Amino acid sequence: MIERHLIQVESKYIEDNPIQFLKHLEPSKYLVVIFPGGNNSTSIPILHYARKASLSIGCDVLSLRYPGQLNFKDNEIYDTIVEACFNIISKVNYEAYEKIIFISKSIGNLIAIDVERKHLGINLTHVFYTPVERLVEKVHSQECLILTGANDKHIK
């Protein structure tokens, strides 16, 4: 059985809608955090099925969100988003899990990496969907899985 929790967020750059946290009644050892791309949500098929698969194998799942129309190149906006994502993850007591897996898409890849490095300081596993070119230099020694298509115009 899975409980649905809604987490309220206080940030000028995070949408007013609460963040969804799906938690198994039986305590899970694994937390999956999903970071969407800049112009989409975690409801797009690739992230929806990642969430569904994670839940089916017993992982708790936190689905983050942020507005897609933001200028992620603005350092103040970007840093505020990273900080807000960390605050949301903190609300689900991430330290209680044996393993944390970040699943991210596009600009969400960079946000996930920076949440880990700037705030968590723990070793976790990443799954990067359709990464942006700037991601490659950040993850060359990272334990991760990168999934991209042969015709992806955002990465060589």
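All figures in this text were calculated on a predicted structure; none of them were measured in a lab.
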Using a distance-only test with no angle check, is there a side-chain donor-acceptor pair under 3.5 angstrom linking Thr42 and Arg65?
no
Crowding at NZ, Lys99 (>12 non-hydrogen neighbours, <6.0 Å)
yes
Rounded distance [0.5 Å steps], CD1 in Ile19 versus CD1 in Ile88:
4.5 Å
Worked check of side chain to side chain contact (heavy atoms under 4.5 Å, CB included) between His5 and Lys23
CA-CA 8 Å; His5 300 271; Lys23 183 173 178 52; 4.1 Å; yes
Would you please test Ile103 and Ser54 for side chain to side chain contact (heavy atoms under 4.5 Å, CB included) and show each step?
CA-CA 10 Å; Ile103 299 175; Ser54 298; 4.1 Å; yes
Quick one: does Thr125's side chain get under 4.5 Å of Ile100's, heavy atoms only?
no
Can you find a heavy atom in the side chain of His24 that is under 4.5 Å from one in the side chain of Leu55?
yes
Centroid separation under 6.0 Å, is that true for the rings of Tyr97 and Tyr30?
no
Side chain proximity check, Pro131 to Thr148, heavy atoms < 4.5 angstrom:
yes
Check: His126/Glu116 side-chain N/O donor and acceptor closer than 3.5 Å:
yes
When rounded to the nearest 0.5 angstrom, what is the spacing between OG in Ser56 and CZ in Arg51?
12.5 Å
Evaluate the side chain to side chain contact (heavy atoms under 4.5 Å, CB included) criterion for residues Tyr94 and Leu62: first the C-alpha distance (whole Å), next the side-chain angles of each, then the deciding distance (0.1 Å), finally the verdict.
CA-CA 10 Å; Tyr94 69 89; Leu62 178 63; over 6 Å; no
Stepwise side chain to side chain contact (heavy atoms under 4.5 Å, CB included) test for Ile7 and Val92
CA-CA 9 Å; Ile7 300 171; Val92 301; 3.4 Å; yes
Using the six-membered ring wherever Trp is involved, compare the ring planes of His119 and Phe86 and label them parallel, tilted or perpendicular (cut-offs 30° and 60°).
parallel
Interatomic distance, Leu31 atom CG to Ile89 atom CD1 [nearest 0.5 angstrom]:
7.5 Å
About how many Å separate OG of Ser104 and CG of Leu110, when rounded to the nearest 0.5 Å?
8.5 Å
